[in-house]
Amino acid sequence: MTTAAYQGEPGSNSATAARALFPDARELPCTSFEQALDAVTLGAADIAVIPVDNSAAGRVADVHHLLPESGLFIVAEYFLAIRFDLMGVPGATLDQVECVRSHVHALGQCRKILREGGWRTLVSDDTAGAAREVAELGDPRHAALAPPAAAELYGLDVLRAEVEDDPDNTTRFVVLSRDAAFAPHTGEPTMTSLFFCVRNIPSALYKALGGFASSGVNLTKIESYQMGAGLNPSRFYVEIEGHPDDERVALALHELRFFSSEVRILGVYPAHAHRVGS
């Protein structure tokens, strides 16, 4: 049986994504992204389902720094529509609510109802964990912003459904594995994720990325981060549309390698239907 690790508690958005991707898998909830990745590295799990960015809140902190260092490979992506319900203990009403708990990202994605209610907020480690905390408190003055599945899981009442600010709120997840299961070159829409470190020369980044422009390869994401004390050349995490066996992509990667001290492909995987249809 496949074991899927994710950060968060049962009932979280990560758990929902993992279940959608691997409905028959054994779930391994983890307290941190590092723990979820380590579970795969050490063999406690077969894959990890990790959020990388949200359409409203932007990138998930630290994940792009962790991916290249994990030694794991991206084998799939998944886009999950994010829904938050405001939930409280059985019998509670909106008029009784004084404090709302949730993950910092969820609080930021539900600002309208929080302003409307004028409630105090408390940051929890996880959205589903916030629901569990409210259930354990048993206090109608405390409510949680959590995915709909958490209400049933923790026996809470939904005080108001779908309170996210943006109805198109979406989080992108990637699936990581110990093995580099690169998708075959079939001509179908494909994504390639890679990591590179530029050589310490003037205009290195401009020159390294020039091949993508001249070859007509669409670069959909670039994230930079610094290792050490900041004296080393910057490192970059990049996602592009296309397969390394595409002639255009191969030419762009050839030029990238010429101006980089290190280039490592982290994954070649099918583009999710959400991306293809957008």
Side-chain angles (χ1 to χ4, degrees), residues 6-21 29-33 36 48-67 77-88 92 94 97-135 137 141-154 156-175 220-221 223 239 272-275 277-278:
Y6 57 83
Q7 185 277 327
E9 299 191 22
S12 65
N13 284 315
S14 292
T16 300
R19 193 167 298 130
L21 284 161
C30 299
T31 57
S32 67
F33 295 124
V49 180
I50 302 293
V52 289
D53 48 58
N54 174 266
S55 59
R59 70 175 180 176
V60 177
D62 296 333
V63 168
H64 293 94
H65 171 80
L66 293 170
L67 291 182
E77 66 174 357
Y78 182 75
F79 288 80
L80 176 69
I82 301 300
R83 299 291 178 262
F84 290 115
D85 290 349
L86 182 69
M87 54 191 70
L94 276 176
V97 175
E98 297 178 6
C99 176
V100 176
R101 299 166 176 259
S102 197
H103 187 272
V104 62
H105 280 181
L107 294 172
Q109 294 167 38
C110 301
R111 290 190 178 96
K112 291 179 182 178
I113 191 171
L114 293 175
R115 284 197 302 266
E116 178 185 321
W119 302 305
R120 182 166 56 94
T121 59
L122 284 176
V123 175
S124 299
D125 291 336
D126 176 66
T127 53
R132 175 184 51 77
E133 292 167 2
V134 168
L137 283 170
R141 295 174 298 175
H142 288 261
L145 287 169
E152 180 178 357
L153 187 63
Y154 297 106
L156 299 178
D157 286 351
V158 174
L159 306 180
R160 187 178 295 182
E162 298 186 1
V163 296
E164 63 279 353
D165 294 342
D166 182 3
D168 296 322
N169 190 358
T170 305
T171 292
R172 177 173 175 258
F173 291 81
V174 293
V175 180
T220 62
K221 178 186 291 293
E223 302 280 357
E239 293 177 353
H272 187 261
H274 177 87
R275 183 191 298 278
S278 62

Is any side-chain heavy atom of [X] closer than 4.5 Å to a side-chain heavy atom of [Y]?
X	Y	answer
Thr16	Arg83	no
Tyr6	Pro51	no
His103	Ser124	no
Asp126	Thr31	no
Val49	Ser14	no
Asp85	Leu159	no
Leu67	Phe33	no
Leu80	Asn13	yes

Over all atoms of both residues, closest heavy-atom pair of [X] and [Y]:
X	Y	answer
Gly108	Asp165	O-OD2, 4.1 Å
Ala130	Ser102	CB-CA, 3.7 Å
Pro29	Gly8	CB-O, 3.3 Å
Leu153	Pro10	CD2-O, 3.1 Å
Glu9	Ala15	O-CB, 4.1 Å
Ala146	Ala131	CB-CB, 4.1 Å

Is it true that Asp166 and Gln109 share a donor-acceptor pair across their side chains at a distance under 3.5 Å?
no
From CA spacing to verdict: side chain to side chain contact (heavy atoms under 4.5 Å, CB included), Thr171, His105:
CA-CA 11 Å; Thr171 292; His105 280 181; over 6 Å; no
Could you tell me the separation between the [atom1] atom of [X] and the [atom2] atom of [Y], rounded to the nearest 0.5 Å?
X	Y	atom1	atom2	answer
Cys99	His142	SG	NE2	5.0 Å
Lys221	Glu223	NZ	CD	5.0 Å
Asp125	Arg132	CG	CZ	9.0 Å

So Ile113 and Phe84, side chain to side chain contact (heavy atoms under 4.5 Å, CB included) or not? Walk me through it.
CA-CA 11 Å; Ile113 191 171; Phe84 290 115; over 6 Å; no
Hey, is Glu116 close enough to Arg160 for a salt bridge, meaning N to O under 4.0 Å?
yes
One pair to check against side chain to side chain contact (heavy atoms under 4.5 Å, CB included): Ile50 and Phe173. What are the steps and the verdict?
CA-CA 5 Å; Ile50 302 293; Phe173 291 81; 5.8 Å; no
Of Glu77, His274, His272, which is the lone residue that meets side-chain hydrogen bond (donor to acceptor under 3.5 Å, both in side chains) with Arg172?
Glu77
Evaluate whether atom CG of Asp157 has more than 12 neighbouring non-hydrogen atoms of other residues, nucleotides or ligands under 6.0 angstrom away.
yes
Judged by atom type as modelled, is there a donor-acceptor pair below 3.5 Å linking the side chain of [X] to the main-chain atoms of [Y]?
X	Y	value
Thr170	Asp168	yes
Thr220	Glu239	yes
Asn169	Ile82	no

Salt bridge (charged side-chain N to carboxylate O under 4.0 Å, His left out) with Lys112: which residues, sequence neighbours excluded?
none
Would Val100 and Leu145 count as a side chain to side chain contact (heavy atoms under 4.5 Å, CB included) if you check the C-alpha gap in whole Å, the side-chain angles of each, and the deciding distance to 0.1 Å?
CA-CA 7 Å; Val100 176; Leu145 287 169; 3.7 Å; yes
